[in-house]
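Comments concern the structure below.
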Amino acid sequence: MGEENPEGRSQSVLLTSLGEADRGALLGLAHRVSFDAGQMVFSRADSGDTLLLIEAGWIEISITSLSGRKSVLNHMGPGEVLGEIALLDGGLRSADATATTPVRGLLLHRREVMAFLRERPHALFALVTELCGRVRNASEMFATQAQTEAPSRLARALIRLAERWGQETGRGALLPSDRFSQGDLGDFSGISRENVNRRLHAWAGVGIVEMTPDGILLSDPDALRKIAGL
């Protein structure tokens with residue numbers, strides 16, 4: 001896959017389930033692609049005939065309602081695989097994917113991946129496991145936005161993002177400011193950026209979070225869990 005994963009996060013189970021020879025065979029079918037920050041990797045309802053193995057950079061997965069409200073479902077980074085659902089069933093993309101930083105990756109086409117999986121059933125089962133994890137993540141984000149109270153939605157979003165992306169500091173998990181803006185938190189929790197700002201500063205005043213130059217420090221996760229109803 002090229003460079004080491006800078007955050008030490010695990011690679012896709014599609015890759016880690018393969019032996020060295022199988023992994024080399026799969027990656028040997030791919031060609032390299034790159035995307036600029038802000039560039040659409042693919043749009044919802046595009047044909048799903050490719051799969052992207054992310055080598056570097058971050059991609060936001062989101063859907064936008066008819067009223068124009070965007071809901072962020074996930075962020076994906078180095079070592080992860082993007083586009084399996086549409087590629088496997090031959091249907092359309094189920095969400096939008098946008099590069100939030102410059103992205104480099106390896107692109108595989110459906111006909112090549114399907115032939116590869118038919119020859120290696122163990123890899124197919126590994127991919128099903130990963131897809132189940134994605135469904136659980138999407139369900140969690142919808143559950144967050146379905147809560148009626150904005151503070152509960154924001155607290156739940158902070159906790160879930162920290163579990164997946166937080167950097168442990170010894171004083172609590174840190175959500176880096178270069179990865180998560182207050183607008184991003186609003187998209188995750190389904191509230192406006194202004195309300196996110198107001199609530200974060202209120203929580204900072206009582207020691208639940210700390211606003212630092214590096215990001216948001218979750219100083220009192222137990223209090224956040226209580227607010228979130230977890």
Side-chain angles (χ1 to χ4, degrees), residues 1-64 72-138 141 161 164-165 176 178-180 184:
M1 288 290 294
E3 68 185 38
E4 293 294 328
N5 186 337
E7 297 191 12
R9 295 172 50 244
S10 62
Q11 290 184 328
S12 162
V13 293
L14 174 60
L15 298 180
T16 57
S17 65
L18 300 177
E20 183 176 351
D22 283 345
R23 187 182 304 115
L26 177 62
L27 298 182
L29 300 174
H31 65 275
R32 296 189 179 277
V33 293
S34 61
F35 302 90
D36 296 328
Q39 184 176 353
M40 187 74 75
V41 178
F42 56 70
S43 299
R44 188 179 187 184
D46 282 352
S47 61
D49 59 353
T50 56
L51 177 151
L52 178 66
L53 311 177
I54 304 172
E55 290 189 297
W58 298 93
I59 294 176
E60 176 187 272
I61 311 300
S62 66
I63 59 174
T64 302
V72 178
L73 304 179
N74 201 0
H75 281 82
M76 301 179 66
E80 294 190 291
V81 178
L82 180 65
E84 306 95 330
I85 295 176
L87 181 138
L88 286 172
D89 67 11
L92 303 179
R93 302 293 188 187
S94 58
D96 297 327
T98 307
T100 58
T101 69
V103 169
R104 291 188 291 104
L106 298 173
L107 195 71
L108 288 158
H109 288 276
R110 184 173 193 270
R111 60 183 180 277
E112 297 161 342
V113 174
M114 296 306 291
F116 178 89
L117 292 175
R118 280 194 294 269
E119 296 172 359
R120 298 164 177 85
H122 59 283
L124 179 58
F125 282 113
L127 185 54
V128 169
T129 299
E130 178 161 304
L131 290 174
C132 289
R134 300 283 176 81
V135 171
R136 290 181 183 275
N137 179 79
M141 295 311 302
L161 290 172
R164 183 169 173 83
W165 309 107
D178 61 350
R179 285 289 325 284
F180 299 104
D184 292 330

Next on the checklist: Less than 4.5 Å apart, side chain to side chain, heavy atoms only: is that true for R44 and L92?
Outcome noted: no

Checklist entry - Under the side-chain contact (heavy atoms from CB on, under 4.5 Å) criterion, do T98 and F35 qualify, and how do the steps go? => result CA-CA 9 Å; T98 307; F35 302 90; over 6 Å; no

Next on the checklist: Ignoring hydrogens, what is the shortest heavy-atom contact between D36 and A99? Give both atom names and the distance.
Outcome noted: O-CB, 3.4 Å

Next on the checklist: Run the side chain to side chain donor-acceptor pair (under 3.5 Å) test against T50 and tell me which residues pass, sequence neighbours left out.
Outcome noted: R93

Checklist entry - Can you name the side chain to side chain contact (heavy atoms under 4.5 Å, CB included) partners of S43, sequence neighbours left out? => result M40, D46, D96

Checklist entry - M76 and V81: which non-hydrogen atoms are nearest, and at how many Å? => result CE-O, 2.9 Å

Checklist entry - Taking only residues two or more places apart in sequence, or in another chain, which ones meet E119 in a side chain to side chain contact (heavy atoms under 4.5 Å, CB included)? => result none

Next on the checklist: If the condition is salt bridge (charged side-chain N to carboxylate O under 4.0 Å, His left out), which residues does R120 pass it with, not counting sequence neighbours?
Outcome noted: D22

Checklist entry - Hey, what do you get for CG (L82) to CG (L53), rounding to the nearest 0.5 Å? => result 9.5 Å

Checklist outcome for this item: Taking every heavy atom of T100 against every heavy atom of I59, the minimum-distance pair comes out as OG1-N, 4.2 Å

Checklist entry - Looking at residues at least two apart in the chain, or sitting in another chain, which of them share a side chain to side chain contact (heavy atoms under 4.5 Å, CB included) with P102? => result A37

Result block: side-chain N/O donor-acceptor pairs under 3.5 angstrom for residues 106-113, not counting sequence neighbours:
| residue | atom | partner | partner atom | Å |
| --- | --- | --- | --- | --- |
| R110 | NE | L87 | O | 2.3 |
| R110 | NH2 | L88 | O | 2.9 |
| E112 | OE1 | H109 | N | 3.3 |

Item to check | Exercise: identify the closest heavy-atom pair between P78 and A56 | outcome: CG-CA, 4.2 Å

Checklist outcome for this item: Here the pair of heavy atoms bringing T101 nearest to G57 is OG1-CA, 3.2 Å

